[in-house]
J.: 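This is the structure I have questions about; it appears just below.
Within every chain, numbering begins at 1; the chains are lettered A, B, ... in the order of the sequence lines, protein sequences first and strands thereafter. Since the model is a prediction, treat every value here as computed from it, not as a measurement.
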Amino acid sequence: MPRRDLNQMFAPATAAVEKSEEIASLKAEIEALKTQNGQENFQEIPVNGITSLRLPEGMGQPRKYFDPVKLEQLKTSIEKHGVLEPILVRPASDGLYETVSGERRWRCCKEINKPTILASIKPLNDTDALEVALIATIHSEEVSTIEETDSVLSLMKLYLNIKGDQRDKKIKSLLESAKNFKQTGYGDIEQTTVDLVEATLGSFGFKLGSFVSNRLPLLDMAEPILEAVRTGTLSPTNALLINRAPVEHHKYLIQVGEEATKHELRQRISEIKSSSKPVNNSRIIEIPLRERIHEQYRIVRQTTTWKKIHGNPKLKKRMEQINTLLKEILTDLG
Amino acid sequence: MQKRISVMSNSGGVGKTTLAINLAYQLSRLGKTVALFGCDPNGSLTLFCGLDDPPDDQTLDVVLRPDFKGAYPLFSAWPDRIKGVDCCLGGLVLSKTAIRLVNETRGENLLADKLEDYPLPHDVLIFDCPGTIEQMHTIALAASTHAILTIKPEDKDVDALAKLIEWFYEKRDALRLKPTPEILGLVPNGFKDRAMHRDNLGTGSDPKRVSLYDIMEHLGINVFPDIKDQAHIANAGANGLPLGIFRPGEGANAIYTQIAETISKEN
């Protein structure tokens, strides 16, 4: 008999805790509804009394990037017709309201100096606020595939309580295990986890297998690029372009990409590629050798890259040479 | 507000009474007054406090009688060393008490009711519960603001802990307690440096194995530092003394102090 797994031991306890918390939150919700006294839940609130959703470090964030062109279009529409759909905000302890859904509408109102905006005010804790914001992002028609994928993963991190520095890695490997488990019936993962993952993906119309093979690789971008997308300084389209450019130009291109259109950026990348010397030397920050090697190796090991190398005898031979060279270096070290 | 702490486990011999008396001692060093309640028919609190077995009419049993009018039978613990730790002792009579309470109106809430009607002046009350879930657990829980759980990192104890946690949340909601008692934390006790203990505390050879810490994090339950198994702790108890008096230099005292500080801070 193998030893019993702790997750299995604690399954009823976990259910009891969750049920207790669920009851508590339902009670709070009912309490909140009572205090509203049946009044209409929408209010005009001052645009200046609103700020973006603020969440604790490490919780993950809803999307931050907003296409300037689309923002202009929305502004025009608001000037003409006003805000047609109320935004969702939560009250914060400092008296401000934080946007949970409708950040774009709020920003537009701010920029065209509208004094108030119609909002639904709902007290939400950090987890619930993030959950609602992520779901709203995924359902948005404007969202790019990267942002959508990123948001689905964030939601899954939230549901599976995956935290810490390695949370991106953890959730990706968990999804891969889930897919393998689904295909082979084996793996170091609980059936309940697989079910939760599938149910989450299913609620947005994704299948586990295709999400892992088609969507996850989108996030296999160099970390600084992904970071710039997440903080909202870089558009997902430009991010994809930069990721295909040589790694030593990434830092410079991220700076360029923040201002440039897709077309301008593409031009700049081809200029860089065609000239042996970088276009603007002063703005390129030298990346340490260790990082450069690591980055190249990371790409080489990716399954898709490796398959190509493996299928090409010439490339395979050169990889063998690299391997020999590395071995020699290590031997020299003693 | 008075803190009322149940020290609970779902297996015997895991160090509840040891934890209870050491917390009482450390709390008194922090300037708090403490009343210890022995809720266990085995009367271990009596032994661990260096007291003599009381007659039945001077035990917790009298507090749980309908005609109780606030004359708590309290005995001072270690009066020559510290002030402010009083004990309301248990004993074999409690096995009868539990049966009697089943038919009593608000039997499960009786201790809570008495403490409300005849409040004790102490800053902290600590209920030293029996080794496995029984009626006295429910009575103590109903009277508590917090619970501290303790276990030995053995598989059988971990399994029993899972059931205790399940019981705690279900009972708490069923009794509709206000304020709702919260779990202040888990104290792993009697840690021995061997594979099963290491596995359960997350320092084993398989980094992928789920540890108690992972589970508790998931459940949102705080885990205090583990207390290593050592003879001094058992010897202190057998001598009717807290470790802080018996061996003030022992490292485990720092952990007891840390938990005591958490109790005195917690609102």
J.: Taking atom OH of B/Y213 and atom CG of A/L6, what is their separation to the nearest 0.5 Å?
T.: 13.0 Å
J.: Counting heavy-atom pairs under 4.5 Å to chain A, which of B/V210, B/I165, B/T180, B/D199 comes out on top?
T.: B/V210
J.: Considering only heavy atoms, which portion of B/I215 lies under 4.5 Å from any heavy atom of chain A: side chain, backbone, both, or neither?
T.: side chain
J.: At a heavy-atom separation under 4.5 Å, does A/N7 approach chain B through its side chain, its backbone, both, or neither?
T.: both
J.: Counting only non-hydrogen atoms closer than 4.5 Å, does A/Q8 touch chain B with its backbone (N, CA, C, O), its side chain (CB onward), both, or neither?
T.: neither
J.: Determine whether B/L212 and A/F10 satisfy the following criterion, side-chain contact (heavy atoms from CB on, under 4.5 Å), listing intermediate values before the conclusion.
T.: CA-CA 10 Å; B/L212 258 184; A/F10 278 85; 4.1 Å; yes
J.: May I ask you to name which of A/A15, A/S20, A/A11 has the most heavy-atom pairs under 4.5 Å with chain B?
T.: A/S20
J.: Looking only at heavy atoms, which two atoms of A/A13 and B/A162 are closest? And how far apart?
T.: CB-O, 3.2 Å
J.: What part of B/L164 gets within 4.5 angstrom of chain A, counting heavy atoms only: side chain, backbone, both, or neither?
T.: neither
J.: Can you give the donor-acceptor pairs under 3.5 Å from side chains of residues 109-116 of chain B to other protein atoms, not counting sequence neighbours?
T.:
unit_1	atom_1	unit_2	atom_2	d
B/D113	OD1	B/R106	NH2	3.0
B/D113	OD2	B/R106	NE	2.9
B/K114	NZ	B/R65	O	3.4
B/K114	NZ	B/P66	O	3.4

J.: Is atom NZ of A/K170 surrounded by more than 12 heavy atoms (other residues, nucleotides or ligands) closer than 6.0 Å?
T.: yes
J.: At a 4.5 Å cut-off on heavy atoms, which part of B/D214 comes close to chain A: side chain, backbone, both, or neither?
T.: neither
J.: About how many Å separate CE of A/M9 and CG of B/L161, when rounded to the nearest 0.5 Å?
T.: 10.0 Å
